[in-house]
Amino acid sequence: MWHVDRQAGALQELGAVVFLDRAFLSLFLVGFGGWAIGMRNLIIYELDADYSRYLASLGAPSRLIRKYAYRNALLPQLTGLALSLGVIVTGALVTEIVFSYPGLGYLSYNAIINQDYFLLQGIFLFVVLGVLLANFIIDIVYVIVDPRVRVGMEGS
């Protein structure tokens, strides 16, 4: 009898993982569409920039030009990723309601309904600290992605 309960618990945990994957997938697909359109527009802008045309006039391969354009277009996208963390955490209210997922969006909604201002302050503090941490991590990633930042750090 104990073995059957153990298997049912494992199946229930597996169902929870699939359930969370669907909630994550619904949030990811909405964000990915906006990111893809933004990246496309930034790539088009970078490929039309003066340095891209100059490289093309020097006879540089188009693969090299696209590489530079991609790296320069990636920087604003990384900043947008860090700044959108707060929106992802608290803006997922509809997804949390649809999937009955007890997240921060639903918790803040209940805090507003119940006029629990201390809980709202705690949620905002958590979100702000998360965005600050994400911006700090993105600043470290900037050093890896953009060589101009490394040169600026050395003082040259």
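Values below: all heavy atoms of this structure, side chains included; hydrogens, waters and symmetry mates excluded.
- The heavy-atom pair separating Ile65 from Ala60 by the smallest distance is CD1-O, 3.9 Å.
- Here the side chains of Met39 and Tyr70 are in contact, with some heavy-atom distance below 4.5 Å.
- Atom CZ of Arg53 is surrounded by more than 12 heavy atoms from other residues, nucleotides or ligands within 6.0 Å.
- Counting heavy atoms from C-beta on, the side chains of Val143 and Asp139 never come closer than 4.5 Å.
- In this structure, Leu42 stands alone, with no Ile, Leu, Val, Met, Phe, Trp or Tyr side-chain heavy atom under 4.5 Å from its own, directly or through other members.
- In the displayed structure, Tyr45 atom OH is contacted under 6.0 Å by at most 12 heavy atoms of other residues, nucleotides or ligands.
- How far OG1 of Thr79 is from CG of Leu74: 9.5 Å, rounded to the nearest 0.5 Å.
- Residues Asn72 and Tyr51 form a side-chain contact, since some pair of their non-hydrogen atoms from C-beta on lies under 4.5 Å apart.
- Atom CD1 of residue Ile112 and atom CG of residue Leu107 lie 10.0 Å apart, to the nearest 0.5 angstrom.
- Residue Leu120 comes nearest to Ala111 through the heavy atom pair CG-CB, 3.8 Å, listed as atom of the first residue, atom of the second, then distance.
- Under the 3.5 Å distance criterion, the side-chain polar atoms of Asn114 are matched with a main-chain donor or acceptor of Asn110.
- Heavy atoms only, all atoms of each residue included: Ala73 and Ile43 are closest at CB-CD1, 3.9 Å.
- The backbone N or O of Asp48 lies less than 3.5 Å from no partner atom in the side chain of Ser52, so there is not a single donor-acceptor pair.
- With rounding to the nearest 0.5 Å, the separation of CD in Gln121 from CG in Asp116 is 9.5 Å.
- Around OH of Tyr142, the count of heavy atoms belonging to other residues, nucleotides or ligands within 6.0 Å exceeds 12.
- If you chain together ILVMFWY residues whose side-chain heavy atoms come under 4.5 Å of each other, Tyr54 ends up grouped with Leu58.
- The main-chain N or O of Trp35 is found under 3.5 Å from a side-chain atom of Gln77 such that the two form a donor-acceptor pair.
- At a threshold of 4.5 Å between side-chain heavy atoms, the hydrophobic network of Ile, Leu, Val, Met, Phe, Trp and Tyr places Phe126 and Leu119 in one connected group.
- A side-chain donor-acceptor contact under 3.5 Å links Glu96 to the backbone of Gly105.
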